[in-house]
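Remarks on the structure that follows.
Every chain is numbered from 1 and lettered A, B, ... according to where its sequence line falls, protein lines coming before strand lines. All of these numbers come straight from a predicted model, not from anything done at the bench.
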Amino acid sequence: MEKVYLAVVLAPLIASIIAGLFGRQIGRSGAHWVTIIGVAIALAASLYAFYMHVFGGLSTFDGTVYTWIASDLFEFNIGFLVDNLTVMMMVVVTAVSLMVHIYTIGYMHDDPGYQRFFSYISLFTFSMLMLVMSNNLLQLFFGWEAVGLVSYLLIGFWYKRESAIFANLKAFLVNRVGDFGFLLGIAAILAYTDSLHYATVFERLPELADITVEYWPGVEWSLISVIAILLFIGAMGKSAQVPLHVWLPDSMEGPTPISALIHAATMVTAGIFMVARFSPLFELSDAALSFILVIGAVTAIFMGLLGIVQHDIKRVIAYSTLSQLGFMTAALGVSAYSPALFHLMTHAFFKALLFLAAGSVIIALHHEQDMRKMGGLAKKLPITFATFFIGALALIGFPGTSGFYSKESVIYAVAASELPGAEFAYWALFIGVFVTAFYTFRMLFLVFFGESRMDAHTASHAKESPKVVTVPLVLLAVPSLIIGFLVVEPMLFGAYFDDSIRVLATHGAMATLEDQFKGAWGMFLYGWTTPVVWMALAGVAGAAIMYLGMPNVLPPLFARVFAWPKRILEEGYGFDSFNNTVIAGGSRLLGRGLWQGADLRAIDGWLVNGTAAFVGYMARTWRLIQTGYLYHYAFVMILGLIGLMTWIVFIGA
Amino acid sequence: MTLASLNLQPVLPEIVLAAMACLILLVDPFLPKRGPTVSFVLSILTLIALFVITLVQMDDSVRMSFGDMVVNDPMADLMKLVVYVLVAAVFVISRTYLRQRGIDKGEYYMLGLFGVLGMMITISSNHLLLLYLGLELMSLALYAMTAFKRDDGRASEAAMKYFVLGALASGILLYGMSLLYGVTGNLMLTAIAETVAAGEDSMALKAAVVLIVVGAVFKMGIAPFHMWLPDVYEGAPTAVTLYLAAAPKVAALALVMRLLVDGMGPLFYDWQPMLIVVAMLSMAIGNVVAIAQTSFKRMLTYSTIGHVGFILLGVLAGTNEGYAAALFYTIAYAVMTIGGFGIILLLARQGFEAESMDDLKGLNDRSPVMAFVFLLLMFSMAGIPFTFGFWAKLAVLQSIVGVGLWWLATFAVVTAVIGAFYYLRAVKMVYFDKPEDTSPIQADVNVRGVLILSGASMLIFGLYPTGLTALTAGAFGL
């Protein structure tokens, strides 16, 4: 099986190298063929691995494929840990990636950076697979940073646009904050367990349970809590949780296919995956779990609200991604790891679908993204509309769709929890359901229904996208619709995650849920009677009244009445202004001070130039000793000998 | 010692080499005048054969022969293997250069092989006289090779300086050996160690230690006994410089190991402080003076002085880890050096030597592949992480930190940082300056091949140092 795992990882890497370095030689079609074949191989191998692990009874693989450094204290290895959690992630990543690869042929058709784009997304696939398949923290961190790098490259893909450069820099810097915490967490684990290998770390966790650390005189923290929160800060950066969420909406500056792949379906879920992978650690700290829960709930509700006031179709979906990541995080907080992962998987499919469908709209309108200039597109783009509609239903959790099963489980797990903050989180998520439905259908109605608000030229050219675009949409619509029904039982209440996830008996949310569960069919029927679904339907109804019923009356009225709240939402609660003025401005001020005072004067003036001048002086002087005369050389040798002789023999060492 | 106790099997490589060198010496004059292709091919075949024989005989045991005068331990075997590879690479890369300058003669290869024989004897000896014999055999070959371009004034001057100073150093070494013999009454290194350990510290013994240290580190080119090195390396034809700079350093390390560790191990506390002083001097002088050089060849020479200082750090740690690190560093250094001087061969052509720093400018515009090889080599010499040179530096630093010499490690790192400056400056010239000479690179496949191999090994051993680390550690029973 090791060869299969290697094929999964290496096929996209090799394809990426070929497309990246030899893009000019193999041409445009060569670049997409080689990368698509690479990812297809990875998908096939992932499916095989999935089959072997889930149905073939293959036990967990935990092995090293390459030892990088072995020293007395620790070993740094490249290795794979493949269990049910991993194979699920592998299939999701490669499947969505393959769809995005195919879709890109249509979306990037006229772009001069065609080969570069394919090389990047293949490289991304490799990095993400390294991340999820890792069996140690160093490789995890490598994958973590590598996906971050590719994300940076792709947000700034159109590097001549100033806004794209601003956005990728922002993404890079904000992620640095999270990664700093993450790195500290990894360092703490290495320091206390002498290992980065997951299994070894988990084995040694009980030894750490009682250790407290005192970073401030008189304030004692449990070591486990410190490590867990540090690791979670890394997850907050990558999975865009408040307050480190600010980069994700701006990341929409990148081409739409990568918004779908990286900033919705896969990379941003890395934080969720990591917390689930480290469930044995997080379980030991109620403080960290509470923290996670509250952060997730806050993200879920407040980021969702922002979606209501956006005009850019991609930004609506971006805020919805933030909000859904908040749902997953909240689920992690109540130890409901399997619903979080379940939601991660369904979300990957329907959110990729929504993004790609939005991209299809954007192609049809010649790269127009403002919803105020759309409308009435349902007839012109029938396939896009149908698939978008399915995606929207899944997103709001309409009974029977995949999103219904996952979101419902998340909310009831939070409801069943007794952790501090669970009450608040429940209500936040509950209202979040309404908000989600509202902005989703607002978007749907604005784009596909009502009167056309396009100019005549655009309207006459708007037509359904080519097959390479629509086929991936259809292929993603299928799992968005049915996968929840199929897997809810084994995944949440079966033994699927038994080897990967550890939940303490004191965290009983999932156990409660299991008692109430009556099968996928029963859940569907029962769903019609629950307040959560009614909240969602209320959101749809609200959007319908506002944007279908009286689109020219109600929205302006609401805007006038709620002028202040609207302003706050449009400003994104002021996170951006705060960061720009206080943090960025402050750092610049500090930087200028250090540059002028410390750097130019003290370091450059005295230390650097002073040292350099001294070294240069020494170099010139010593060079003069090298006269070229033989007797000088012999003389120096003899002097050296006499010096050593005097020292050792007569003075003594 | 009776004839019956002779065991020829361990010295088979030496015997084969001696026979082959003599054969080439005899055959060469009768060959057509067009060029010594036959001698070249025979030399390479000989080295391959030696490699195979040594590899087959290699095991973890210590095999004594010739009445305990010759020792074949894992260290000796590994060093010999390295020497064969290095010398073969030098022969291959030098051909075109020699031919263009009209000095592609069979004697070059023949002298080179005799030099190898000297190195092998030095590496394997357990006897003061045998050690001296090997050393002189090697040195004589080196002197002659330096003067190989007879009608070139610079080369003759270099050979003269080398010979006179080398003779002086040999005299000092011999004086030390005679004192050592006088005190211990023995020539066998292992026996000397036993006597020294049992006996008392006398002034004569201390004087012997000083003299031997001076004589031994001269061969490595350690400051303040380094003065010959820049002039010789610069004056000698570049093909010879390559030979001088690579393999003999392995033999010089063996010399230091055999004399100081095997023979005078019990006197560790006498020779360690001396080595600390000369190593510090070497690292400082090598790295600082290199900055002021305008000749690339001379810059590399000073960089060599810095590197051998680092190698000595491993020895003076006095632990097996340290010795292994020193050997690892020596191998890394030798491979890097072949690449470094090889770049000069790459840029040189008929009637043009390309020794100045300015000749490096804009190499990237002329040949991106070679520029990248150059970048790898310079990064490795500077010790930038994930190159061969980084692990070498890390290993020696770890070994001295392991014996508590923190301050020395700090000093070494500071000199390495100073050294990084001129390596990076060379890289900057290659990538960011406009070439003064835009003609295409003429070098043939031999030069390019060896250079690419050398550059690639910086990366390969940088990413996968474990294999070589295990080998060098195994050479000292770790």
Which heavy atom of A/Tyr633 sits nearest to which heavy atom of B/Lys161, and what is that distance?
CE2-CD, 4.2 Å
Can you tell me which portion of B/Ala290 sits under 4.5 Å from chain A's heavy atoms? Options are side chain, backbone, both or neither.
neither
Given a strict heavy-atom distance threshold of 4.5 Å, which part of B/Gln398 is in contact with chain A: side chain, backbone, both, or neither?
neither
Rounding to 0.5 Å, atoms NZ (B/Lys206) and CG (A/Leu644) come to a distance of 14.0 Å
A/Gly640 versus B/Pro224, closest heavy-atom pair with distance
CA-CG, 4.1 Å
What are the two closest non-hydrogen atoms of B/Leu168 and A/Ala634, and how far apart are they?
CD2-CB, 4.0 Å
Are more than 12 heavy atoms, taken from residues, nucleotides or ligands other than B/Phe268, located less than 6.0 Å from that residue's CZ atom?
yes
Enter the distance from A/Ile648:CD1 to B/Met274:CE here, rounded to the nearest 0.5 Å.
4.5 Å
May I ask you to test the A/Tyr66-B/Thr466 pair for a side-chain heavy-atom distance under 4.5 Å?
no
More than 12 non-hydrogen atoms from neighbouring residues, nucleotides or ligands closer than 6.0 Å to CZ on A/Phe76, yes or no?
yes
Just do the side chain to side chain contact (heavy atoms under 4.5 Å, CB included) check on A/Met645 and B/Leu211 with the steps written out, would you?
CA-CA 8 Å; A/Met645 191 70 98; B/Leu211 291 164; 3.8 Å; yes
Can you name the closest pair of heavy atoms from A/Met637 and B/Leu165 and give their distance?
SD-CD2, 4.1 Å
Would you say A/Phe22 has more than 12 foreign heavy atoms packed within less than 6.0 Å of its CZ?
no
Which atoms of B/Ile172 are under 4.5 Å from chain A, going by heavy atoms: the side chain, the backbone, both sets, or neither?
side chain
More than 12 foreign heavy atoms under 6.0 Å from CZ of B/Phe411: is that the case here?
yes
Between CZ on residue B/Phe225 and CG on residue A/Leu641, distance to nearest 0.5 Å
6.0 Å
Separation between OG1 (A/Thr627) and CG (B/Asp231), nearest 0.5 Å, reads 8.0 Å
With a 6.0 Å cut-off (strictly less than), is the heavy-atom count around CE of B/Met357, excluding the residue itself, greater than 12?
yes
Which bit of B/Val288 is near chain A, if near means a heavy-atom gap under 4.5 Å: side chain, backbone, both or neither?
both
Contacting moiety of B/Ile418, where chain A heavy atoms sit under 4.5 Å
side chain
Atom CZ of B/Phe163: over 12 foreign heavy atoms under 6.0 Å
no
Is B/His226 close to A/Val636 at the side-chain level, that is, under 4.5 Å between some pair of heavy atoms?
no
Is B/Val289 close to chain A through its backbone or its side chain, or both, or neither, when contacts mean heavy atoms under 4.5 Å?
both
B/Gln272 versus chain A, the contacting section by heavy-atom distance below 4.5 Å:
neither
Which atoms of B/Tyr302 approach chain A - backbone, side chain, both or neither, heavy atom under 4.5 Å:
side chain
Quick check on B/Phe386 against chain A: is it the side chain, the backbone, both or neither that has a heavy atom closer than 4.5 Å?
side chain
Measure distances from B/Trp271 to the heavy atoms of chain A and classify the residue's part below 4.5 Å as side chain, backbone, both or neither.
neither
So which part of B/Val213 gets closer than 4.5 Å to some heavy atom of chain A, the side chain, the backbone, both or neither?
neither
